[in-house]
Amino acid sequence: MKIASVEPFILHLPLTSESISDSTHSITHWGVVGTKIVTTDGLVGYGFTGTHAHLPSDRLITACIRDCYAPLLVGEDASDHARLWTKLARNPALQWVGRAGITHLALAAVDVALWDLAAKKAGRPLWAYLGGARTKGVEAYNTDIGWLSFRLETLLAGAAKAVEADGFTRLKIKVGHDDPNTDIARLAAVRKRVGPAVRIAIDGNGKWDLATCQRFCAQARDLDIYWFEEPLWYDDVAGHAALARSTAIPIALGEQLYTADAFSAFIGAGAVAYVQPDVTRLGGVTEYIQVADLAHAHRLPVVPHAGEMSQVHVHLSYWHPASTILEYIPWIKDHFEEPIQVRDGVYRRPELPGASTTILEESFTRFGKSIG
């Protein structure tokens with residue numbers, strides 16, 4: 001299974017709403033930025049990272065794939081994905097300028113494509129190729145109903161529909177207003193609307209400082225919050241540890257962490273209760289498995305962040321023993337040969353060979369951007 005070509009791509013795909021905002025970001029499209037890897041026997045693997053559809057920075061990722069990684073990959077055996085990960089991640093020149101950021105996002109795309117190829121070569125879905133499913137169902141939590149930019153009536157209508165019509169028993173609501181009392185009022189209204197049985201998580205996207213988070217958590221004590229995700233600046237290990245000691249609300253984080261070492265620091269400090277790795281931010285499936293195993297060794301649950309909108313993570317969640325819950329954001333699902341599907345709040349298990357990353361040709365035609 002020799003690698004014949006490495007072909008980067010950029011897609012900018014529209015959201016399910018005209019635009020959304022959390023406490024830190026506002027976007028109208030989701031970037032699917034990655035690569036096709038074609039082998040000499042005709043197999044094609046697809047891998048990608050997720051971005052804010054900012055074309056100049058997306059082109060930095062594809063340039064890294066095209067100019068730095070492709071020359072190291074062409075002619076190699078694609079089935080040697082562990083060795084190839086090390087060859088790229090530990091390349092002296094690239095390690096000097098990378099280890100996170102653009103080089104790691106590019107590495108994620110390449111690594112996912114190699115795992116997609118391996119599973120396709122074996123004729124099995126990725127979860128089966130890795131060793132088989134260990135659970136009958138992975139629960140979905142719906143994030144797409146809870147954006148900070150939604151008016152209260154929209155938030156309540158979306159939460160009610162997700163629970164009453166779509167069968168979700170888990171929701172995530174964004175927080176991070178300049179006045180945290182606004183968030184308390186919104187959460188109280190959602191709790192009243194959906195009732196006590198629905199599990200509600202919240203996500204601050206790194207907006208507040210420690211003192212604000214501590215006051216907020218004290219006020220939210222009676223709202224039965226399942227976890228508080230990214231309450232503080234993403235790299236603040238000490239702050240998250242202090243918050244974890246001061247509140248009964250569990251802390252979740254990980255979508256902005258690039259390496260297994262970063263996760264190790266948070267876990268070692270007792271700063272996280274729900275570990276949220278993402279194949280698009282880490283170095284793909286290879287490093288994701290390292291993080292998931294690390295969390296499992298500390299008896300911490302793994303709840304992936306859906307940067308790839310759960311196309312890959314549904315496989316990993318069915319397979320890995322630390323995972324029972326997975327984020328649901330349906331922005332890009334209809335652009336894949338085998339899109340994610342949730343029924344009655346539970347993910348359907350993928351069945352086609354590969355990692356569910358094969359993109360429809362029509363989507364390349366309609367939404368593809370020049371890599372420059």
Side-chain angles (χ1 to χ4, degrees), residues 50 126-127 130 132-146 158-159 162-163 166-175 187 190-191 194-205 223-231 244 248-257 263 266-267 272-282 285 288-289 291-331 333 339-350 356:
L126 181 61
W127 60 264
L130 287 167
R134 35 121 335 255
T135 182
K136 291 183 178 179
V138 172
E139 286 189 85
Y141 69 89
N142 192 321
T143 292
D144 201 37
I145 57 90
V163 172
D166 301 330
F168 286 92
T169 61
R170 296 178 178 271
L171 306 174
K172 189 171 80 176
I173 310 299
K174 297 288 184 173
V175 300
L187 288 169
V190 173
R191 173 58 74 198
V194 301
V198 175
R199 284 152 288 189
I200 299 174
I202 60 173
D203 185 354
N205 291 102
L223 294 175
D224 191 20
I225 302 302
Y226 199 75
W227 71 61
F228 190 173
E229 183 174 332
E230 288 195 332
I249 300 174
I251 305 302
L253 57 83
E255 70 177 82
Q256 295 281 354
L257 301 184
F263 279 92
F266 278 91
I267 292 171
V272 58
Y274 288 91
V275 179
Q276 297 180 304
D278 189 329
V279 294
T280 71
R281 181 79 59 176
L282 292 164
V285 174
Y288 175 99
I289 292 172
V291 172
D293 285 346
L294 174 67
H296 189 50
H298 286 81
R299 297 298 182 263
L300 296 175
V302 173
V303 186
H305 170 257
E308 39 54 276
M309 303 295 146
S310 300
Q311 290 292 137
V312 184
H313 288 143
V314 67
H315 292 265
L316 297 170
S317 296
Y318 265 103
W319 163 69
H320 199 276
S323 296
T324 59
I325 312 168
L326 177 58
E327 185 170 27
Y328 177 74
I329 304 176
W331 292 343
K333 67 181 181 63
I340 55 166
Q341 295 184 53
V342 171
R343 292 183 181 175
D344 297 323
V346 176
Y347 273 93
R348 293 193 67 190
R349 200 169 62 189
S356 299

Item to check | Under 3.5 Å: donor-acceptor pair, side chain of Trp127, backbone of Pro350 | outcome: yes
Item to check | Non-hydrogen atoms of Pro304 and Tyr288 that approach each other most closely | outcome: CG-OH, 3.1 Å
Next on the checklist: Are the side chains of Val275 and Phe266 in contact, using a 4.5 Å heavy-atom criterion?
Outcome noted: no
Checklist entry - If we only count heavy atoms from C-beta on, is the Ile251 to Pro231 side-chain gap below 4.5 Å? => result yes
Item to check | Short side-chain to backbone donor-acceptor contact, Glu327 and Ser310, under 3.5 Å | outcome: no
Checklist entry - How long is the span from the NE2 atom in His305 to the OG1 atom in Thr143, to the nearest 0.5 Å? => result 8.0 Å
Item to check | Over all atoms of both residues, closest heavy-atom pair of Ser317 and Thr135 | outcome: O-CG2, 4.3 Å
Item to check | Chi angles and distances behind the side-chain contact (heavy atoms from CB on, under 4.5 Å) call for Lys333, Gln311 | outcome: CA-CA 8 Å; Lys333 67 181 181 63; Gln311 290 292 137; 4.2 Å; yes
Next on the checklist: Please verify the inter-ring angle class for Trp227 with Tyr274; under 30° counts as parallel, over 60° as perpendicular, anything in between as tilted.
Outcome noted: tilted
Next on the checklist: So, taking the atom named CD1 in Ile340 and the one named CZ in Arg348, what distance separates them when rounded to the nearest 0.5 Å?
Outcome noted: 13.0 Å
Next on the checklist: Distance check, rounded to the nearest 0.5 Å: Ile289 atom CD1 versus Leu294 atom CG?
Outcome noted: 13.5 Å
Next on the checklist: What I'd like to find out is whether the side chain of Tyr141 reaches to under 4.5 Å of the side chain of Val303, using heavy atoms alone.
Outcome noted: yes
Next on the checklist: Main chain of Ile202, side chain of Glu229: is a donor-acceptor contact present, judged purely on distance under 3.5 Å?
Outcome noted: no
Next on the checklist: Please report the interatomic distance NZ(Lys172) to CD1(Ile200), rounded to the nearest 0.5 Å.
Outcome noted: 13.5 Å
Checklist entry - Hey, does Val302 have a side-chain heavy atom less than 4.5 Å from the side chain of Leu316? => result no
Checklist entry - Aromatic rings Phe168 and Tyr328: how do their planes relate, parallel, tilted or perpendicular, breaks at 30° and 60°? => result tilted
Checklist entry - Where is the tightest heavy-atom contact between Val198 and Arg191, given as atom of each residue plus distance? => result O-NH1, 2.6 Å
Item to check | side-chain contact (heavy atoms from CB on, under 4.5 Å) evaluation trace for Val138 with Val314 | outcome: CA-CA 8 Å; Val138 172; Val314 67; 5.6 Å; no
Checklist outcome for this item: To the nearest 0.5 Å, atom NZ of Lys174 lies from atom CD of Glu230 at 7.5 Å
Checklist entry - Are Leu300 and Phe263 close enough that some pair of their side-chain heavy atoms sits under 4.5 Å apart? => result no
Checklist entry - Does a sphere of radius 6.0 Å around CZ in Arg343 hold more than 12 heavy atoms from other residues, nucleotides or ligands, not counting ones at 6.0 Å or beyond? => result no
Checklist outcome for this item: Here the pair of heavy atoms bringing Glu255 nearest to Asp203 is OE1-OD2, 4.2 Å
Checklist outcome for this item: Scanning both residues in full, the closest heavy-atom pair of Trp319 with Arg134 reads O-CG, 2.8 Å
Next on the checklist: Contact between Asp278 and Leu257 at the side-chain level, heavy atoms closer than 4.5 Å - yes or no?
Outcome noted: no
Checklist entry - Does Val279 reach the side chain of His313, with side-chain heavy atoms less than 4.5 Å apart? => result yes
Checklist entry - Just wondering, do Leu130 and His315 contact through their side chains at under 4.5 Å, heavy atoms? => result no
Next on the checklist: For a quick test of reading the model, state the closest non-hydrogen atom pair linking Pro321 to His296 and the distance between them.
Outcome noted: CG-NE2, 3.8 Å
Next on the checklist: Just verifying a value: how many Å separate Leu171 CG and Ile145 CD1, rounded to the nearest 0.5 Å?
Outcome noted: 4.5 Å
